[in-house]
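Nothing here was measured: the structure is a model prediction, and the numbers come from that model. Naming convention: chains lettered A, B, ... in sequence-line order (proteins, then strands); numbering from 1 in each chain.
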Amino acid sequence: MARLARSFFARDTRVVARELLGCTFVHILPHGARLSGRIVETEAYRPGDPASHGYRGHTERNAPMFMRPGTAYVYFTYGLHFCFNVSTEAEGVGAAVLVRALEPLNGVEIMQANRRRNRAAAMLPIHALCRGPGNLCKAMALDREHSGVDLCGHSSALFIEPSGNPGGRVRASPRIGVSGDEAAKSVPWRFYVAGNLSVSGPAPNK
DNA sequence: CGCACGATGCGCT
DNA sequence: GCGCATCGTGCGA
């Protein structure tokens with residue numbers, strides 16, 4: 001299947017965030033296994049946005065946000081979690097879409113193993129495997145070594161496949177976990193598929 | 001059910 | 001040092 005071209009990501013971050021819903025995010029592991037899931041929740045982080053890592057300018061960590069649209073930006077936070085983003089807008093512009101949740105499609109058993117804390121722990125329900133940005137990275141085996149990877153490259157292990165439609169009603173809401181600036185907290189730049197069990201936050205998401 | 005908090009690393013002031 | 005685009009647990013109602 002085709003992968004999304006750079007032109008898809010080289011647009012307004014809010015549009016990209018909304019249109020990513022329903023697309024399939026794929027990670028081909030080194031041994032060839034395919035992990036994938038349908039994107040059901042995203043957030044836009046835009047130029048001039050106080051909540052964005054790019055707000056205070058270019059640093060070593062956020063460098064992928066300023067790279068070509070379609071570049072993966074994976075960062076480490078709270079001392080234990082990774083979050084996966086895709087850069088947007090244009091090269092030199094600090095903007096990205098945070099992918100917050102997937103509905104698992106391929107590689108579910110591997111995801112189960114990636115998420116399991118220890119051998120005795122109970123198996124998680126499929127819809128919970130990639131619910132929330134930290135959980136998504138754990139299940140999809142993503143970490144800082146994937147930051148800077150070009151999702152539009154022909155041979156990259158990470159890419160996104162296009163889709164017809166999200167298969168549900170798309171809703172917008174304020175972003176989750178944003179603190180500080182009041183305007184940044186209230187702006188509706190989180191997008192999700194209403195009612196999908198894999199969407200994070202208080203269930204059920206209507 | 002909701003809320004509080006601890007875990008735990010590191011980038012930034 | 002502070003605080004973070006988080007998550008799971010444990011507590012009280």
Checklist entry - Which residue pairs satisfy the ring-ring contact (aromatic ring centres under 6.0 Å, His included) criterion with at least one member in residues 126-152 of chain A, sequence neighbours excluded? => result His27(A)-His146(A)

Checklist entry - Among pairs that include at least one residue of residues 166-189 of chain A, which meet ring-ring contact (aromatic ring centres under 6.0 Å, His included), considering only residues two or more places apart or in two chains? => result none

Next on the checklist: If you assign Leu136(A) and Gly180(A) each to the DNA chain C nucleotide with the nearest heavy atom, which residue ends up on the more 5' nucleotide?
Outcome noted: Gly180(A)

Checklist entry - Which residue, Leu124(A) or Ala96(A), contacts DNA chain C at a nucleotide closer to its 5' end, judged by nearest heavy atom? => result Ala96(A)

Below 3.5 Å is the cut-off: list the nitrogen or oxygen pairs between protein and nucleotides 6-8 of chain B, distance only.
{"unit_1": "dT8(B)", "atom_1": "O2", "unit_2": "Tyr78(A)", "atom_2": "O", "d": "2.4"}

Checklist entry - If you look at every strand shown and take non-hydrogen atoms under 4.0 Å, does Asn85(A) touch a base, only sugar-phosphate, or nothing? => result base

Checklist outcome for this item: Residues pairing under side-chain hydrogen bond (donor to acceptor under 3.5 Å, both in side chains) where one sits in residues 74-88 of chain A, two or more places apart or in two chains, turn out to be Thr13(A)-Thr88(A)

Next on the checklist: Asp49(A) vs Arg175(A), test: side-chain contact (heavy atoms from CB on, under 4.5 Å). Steps then yes/no.
Outcome noted: CA-CA 12 Å; Asp49(A) 173 5; Arg175(A) 295 171 295 183; 2.6 Å; yes

Checklist entry - Remaining members of Val15(A)'s ILVMFWY cluster at a side-chain heavy-atom cut-off under 4.5 Å? => result none

Checklist entry - In chain order, what residues pass the side chain to side chain contact (heavy atoms under 4.5 Å, CB included) check against Arg144(A), with sequence neighbours excluded? => result Phe76(A), Phe82(A)

Next on the checklist: Under the rule for side chain to side chain contact (heavy atoms under 4.5 Å, CB included), what residues qualify as partners of His31(A), not counting sequence neighbours?
Outcome noted: Leu29(A), Ala33(A)

Is [Y] close to [X] at the side-chain level, that is, under 4.5 Å between some pair of heavy atoms?
| X | Y | result |
| --- | --- | --- |
| Phe25(A) | Leu35(A) | no |
| Asp12(A) | Arg18(A) | no |
| Glu19(A) | Phe8(A) | yes |

Next on the checklist: Pairs counted only when both distances fall under 3.5 Å, Watson-Crick or G-U: show me the 5' to 3' dot-bracket for DNA chain C, [ ] for pseudoknotted crossings and | for other-strand partners.
Outcome noted: ||||.|||||||.

Next on the checklist: Using a 4.0 Å cut-off to any heavy atom of chain A, which nucleotides of DNA chain C are the first and last in contact, reading 5' to 3'?
Outcome noted: dC4(C) to dG8(C)

Contact list (N/O, under 3.5 angstrom) for nucleotides 11-13 of chain B vs protein:
{"unit_1": "dC12(B)", "atom_1": "OP1", "unit_2": "Thr59(A)", "atom_2": "OG1", "d": "2.7"}

Could you pull out every donor-acceptor pair under 3.5 Å between side chains of residues 94-105 of chain A and any protein atom, sequence neighbours left out?
{"unit_1": "Arg100(A)", "atom_1": "NE", "unit_2": "Glu41(A)", "atom_2": "OE2", "d": "2.9"}
{"unit_1": "Arg100(A)", "atom_1": "NH2", "unit_2": "Ser200(A)", "atom_2": "OG", "d": "3.3"}
{"unit_1": "Glu103(A)", "atom_1": "OE1", "unit_2": "Arg38(A)", "atom_2": "NH2", "d": "3.1"}
{"unit_1": "Glu103(A)", "atom_1": "OE1", "unit_2": "Asn196(A)", "atom_2": "ND2", "d": "2.8"}

Under 3.5 Å donor-acceptor pairs involving side-chain atoms of residues 159-166 of chain A, not counting sequence neighbours:
{"unit_1": "Glu161(A)", "atom_1": "OE1", "unit_2": "Arg34(A)", "atom_2": "NH2", "d": "3.2"}
{"unit_1": "Glu161(A)", "atom_1": "OE2", "unit_2": "Arg34(A)", "atom_2": "NH1", "d": "3.4"}
{"unit_1": "Ser163(A)", "atom_1": "OG", "unit_2": "Gly22(A)", "atom_2": "O", "d": "2.9"}
{"unit_1": "Asn165(A)", "atom_1": "OD1", "unit_2": "Gly167(A)", "atom_2": "N", "d": "2.7"}

Checklist outcome for this item: When rounded to the nearest 0.5 Å, the distance separating CG of Leu129(A) from CE of Met140(A) is 11.0 Å

